[in-house]
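Reading through the structure tokens given below for one structure.
Just so you know, residue 1 is the first one in the sequence shown, and it goes up from there.
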Amino acid sequence: MIQQWLDATGQHATWVDSTTRVERSTTSSSFAPDVIVLDYDAEAAVDVAVECRRTWPRARMVVMTGVGWPAGLRSAAISPDAVVAGRALRFTHAELREWAAENGVGISDGDAAAVVEATAGYPVFVDAVIQVLAERGRCDSSVLAEGCDRAASDLSAVASADSAYWSMWERLLVMGHAGELTTSALDVVGGSDSYSPFSLRAMQDAELLTPGSGPDTVGFPPAIRAAMRRRFSADLTIGRQVDLVRAAMVAMRDRGLLGDAISVAEGDPFRAELLEVLTEEWLRLDDVPAGMIHDLFARVREVDVSAELWIARARALIDMAQRDRAIPVAARDRQLAQRYLDRAEKRLAEKVEADGPEPVASSDPHADDCRTMIAVLRAVEDRSAGRHHEAEAKLQQCLADPPASDLANAVLRIHAGITATTSDRLEEALALFAEAGAAATVGGGPRLAALAADCEELVHWYVDDPGLWWRHIGASREALPERGSAISRPLQFARALHSLDVEALRQLLSESPMVLDDPLVVSLVELESRVIALQALRRPKVALQELDLAEIALRGHPLSVAEQHVIIQARAELLLDEGDPHGALALLDAAPPRADPISDALSRARVLLGLGRFEDVITQLPARLEPVAGDRGRFAVIAHLILALAHRGLGDQETADRCIETAIVTGARNRLVWPYVRVGSDDLRYVLDRATGMTLDAASSAHLAHLETVWESLFAFDEPVDLSDREMIVLERLADHQSVRSIATGLHVSPNTVKTQLRTLYRKLGVSNRADAIRAARLRGLLSDTAQDDLDSAGA
């Protein structure tokens, strides 16, 4: 490629590599080259590059490299004019057809695409495939396989001829054997020599390693991968294969890459090494995707499975903390999990019997960790079946005698926290989640720690502590749990509701319907959030349908008091919005008592308000609020809005205004939006109109302005507006910031005529000035996206 360029341009080049000595006799201007071509074959080439750049500063420097942009040149502050590396050498479809034609082979576009897909256009493999094509006269999978085998054999011969590169070849064979690895594992496979890591990264940069089936995974193209697997067996003895696989597994395990370690151990010869690593890391296998755990045990004989691995297999089926655990869990999988736990208990008993009466089993911390995890997973099954007391008893017994392992402790406390949430003991749940996060952090389980933190945040949504939860949301991690987590979607709903992010709520509602599964209390939090979001978006009938479907799915399933109240309150709110306050009140009256009645008190107050029982609201609600005064952000906002409306109903406007001011200030302090929407469009309009005339601090004034925008976007434009063609033209020119005189000139009418049309336009839009007219038209969809306005300019 470089020589063709030199020939075409008539330039003189000096070719150098790490062995070149730049002689003084060649440094005179008469010998100065136009181009320096550096074959970057080793780090020693950096010194040659520095000397060449110093000697011939005006010459262009072109670097040939198999390892991408040479790190050594970057650190030496050498800036080549061009680097010819892997990506530039890849065959395109057209180039492949041209090369085949030069070798006497006619090839179709489809066959060319198949070859490029199978080889990523890698020249060594493409050339070998073309050779086989020339011999066979056809293109099929056997031709691709034979061509890639030939190329791999040639590369093997080159590597074996120079021992310096054999270690890199071995690592490439390991990677081909593994199939797909995460990009984080590339450095592990690359080892510690000076060129292998660079070569692997260069292959990735050149797209010679293609994206795998999983997130952030890469591997050789299909045909090359198959050829490398065959070379793995041909070039390496069984002993060397085992040594390389064991070293890679240990290195990946030490880096926390257990999924990669499992991929490397593919095949019968490595079963012992695989089982050894898995048994050592059994408590960390929750970080391996559930599907990989299932596939893994299909490769292992059950007789070889230890108690620890039976537990890990059960976790992959039913533990919500398992990465990518499928939701919902099928009844068959729950039964399988219990059978696996039975086998784990049997293995533990066999070990105790084999060890004899000494030592006592309870003195073995490892066995205690196993028993704790078995008890936790039994409790998960109890909780999923609605046996709340049984689940509580098992977890409390474990908490009384906690396990030695930090990771087992973290799992125990996460599930104990979820069960406490189910039992409406939210403060206890918060403490357990905080302890779980600390234990997981100390134990080196960052994903488990993140899950505990997300559980804690979700419960804060219910506890509603403005001093912690609303500040916590701003400082929390942006990343939510990985896809498939039982916590992810409810937490996304909570965050979107917090600021009433309409677009985020619409997106969440448009995704696949929610699934009711363990932890059921978390699923019901999502259900409640969906109902609130649908109410805010003026879709109460859809909310009612979702609630009906949920109740049908839960029919016959025992619910805790907290779980019952989620459904009861959601239905009561919907009945109220549908104009049936009597039905809503009857539903609330029949609800069982709960430990934390504040949200129930607010629902009841809203219903009493709808019934016109203002005195009852004013009498009952403050008494319920007093124990938590100052501690509840959104509850305080809703309560003061309800009280304001009740006092207005009694004609006490002064007290109503004080309640409105308190609601606005509280909402501004906690950055709350959606609680104001819960009172409905007409009552919120009343609240905003009254607040407009109040003397508020800067933060509360800004909050009030934001609430005005929210009201406009959700409630202001229920009725359609019928504008004439001339009024639409005036509106569009208004949005284009034209003056009255300019509009009149363009329409060939008098300015007074335009002013009359503007008054009619403002009346139809329900506004009184240019800026509000443009905003109202935009929100009604009367102005296209291209008609962008500057409200500040319009207001001026």
Side-chain angles (χ1 to χ4, degrees), residues 286-287 319-323 325 376 379-380 383 391-392 395-396 398-399 402 406-482 484-499 518-526 528-529 560 562-563 566 595-596 598-599 628 631-635 670-672:
D286 65 287
D287 206 30
D319 186 5
M320 52 80 67
Q322 181 78 39
R323 182 185 292 278
R325 192 212 69 184
V376 168
V380 168
R383 187 179 64 214
E392 184 82 26
L395 293 169
Q396 288 298 326
C398 292
L399 288 171
D406 289 311
L407 292 180
N409 218 334
V411 176
L412 165 62
R413 292 178 189 279
I414 284 176
H415 283 289
I418 290 170
T419 302
T421 304
T422 302
S423 301
D424 217 13
R425 301 195 309 277
L426 303 185
E427 296 293 345
E428 179 184 335
L430 289 175
L432 286 165
F433 290 138
E435 292 166 0
T441 300
V442 173
R447 196 186 64 85
L448 205 58
L451 181 63
D454 288 328
C455 289
E456 184 181 4
E457 184 175 331
L458 189 63
V459 173
H460 275 302
W461 167 255
Y462 261 74
V463 172
D464 191 32
D465 179 355
L468 181 59
W469 152 241
W470 301 117
R471 283 200 291 271
H472 176 71
I473 194 172
S476 64
R477 304 170 322 283
E478 288 298 322
L480 287 163
E482 73 287 342
S485 166
I487 304 299
S488 177
R489 280 169 57 87
L491 192 51
Q492 290 180 67
F493 264 111
R495 291 181 174 184
L497 280 175
H498 165 241
S499 57
D518 184 74
L520 184 57
V521 68
V522 173
S523 299
L524 292 177
V525 169
E526 180 181 346
E528 183 179 40
S529 299
S560 70
E563 291 167 344
V566 172
D596 185 8
I598 182 62
S599 59
V628 293
D631 291 334
R632 301 294 178 104
R634 76 177 190 273
F635 292 158
N670 296 292
R671 295 175 292 166
L672 286 162

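- Between Arg447 and Ala321 the shortest heavy-atom distance is NH2-O, 2.6 Å.
- How far OG of Ser529 is from CZ of Arg495: 13.0 Å, rounded to the nearest 0.5 Å.
- Rounded to the nearest 0.5 angstrom, Leu399 CG and Glu392 CD are separated by 9.0 Å.
- Counting only heavy atoms from C-beta outward, the side chains of Asp286 and Val411 never approach each other to under 4.5 Å.
- Side-chain contact between Leu458 and Thr421 is absent, with no heavy-atom pair separated by less than 4.5 Å.
- Thr441 and Ala449 get closest at one heavy-atom pair: OG1-CB, 3.6 Å.
- One finds the NE2 atom of His415 at 7.5 Å from the CG atom of Asp518 (value rounded to the nearest 0.5 Å).
- To the nearest 0.5 Å, atoms CD (Gln322) and CG (Leu448) are separated by 10.5 Å.
- Taken to the nearest 0.5 Å, the CG atom of Leu491 stands 5.0 Å off from the CG atom of Asp454.
- Gly417 and Ala429 get closest at one heavy-atom pair: O-CB, 3.4 Å.
- Not one N or O on the side chain of Arg383 forms a donor-acceptor pair closer than 3.5 Å with the backbone of Thr422.
- The two residues Ala420 and Leu432 have their closest heavy-atom pair at CB-CD1, 4.4 Å.
- If you run side chain to side chain contact (heavy atoms under 4.5 Å, CB included) between Leu451 and each of Glu456, Met320, Arg323, only Met320 comes through.
- Atom CG of Asn409 sits about 9.5 Å away from atom CG of Leu407, to the nearest 0.5 Å.
- Nearest approach of Ile487 to Cys455, heavy atoms of both residues: CD1-SG, 3.8 Å.
- When all heavy atoms of Ala452 and Gly437 are compared, the pair lying nearest together is CB-N, 3.6 Å.
- Checking side-chain atoms of Glu563 against main-chain N and O of Ser560 turns up a donor-acceptor pair under 3.5 Å.
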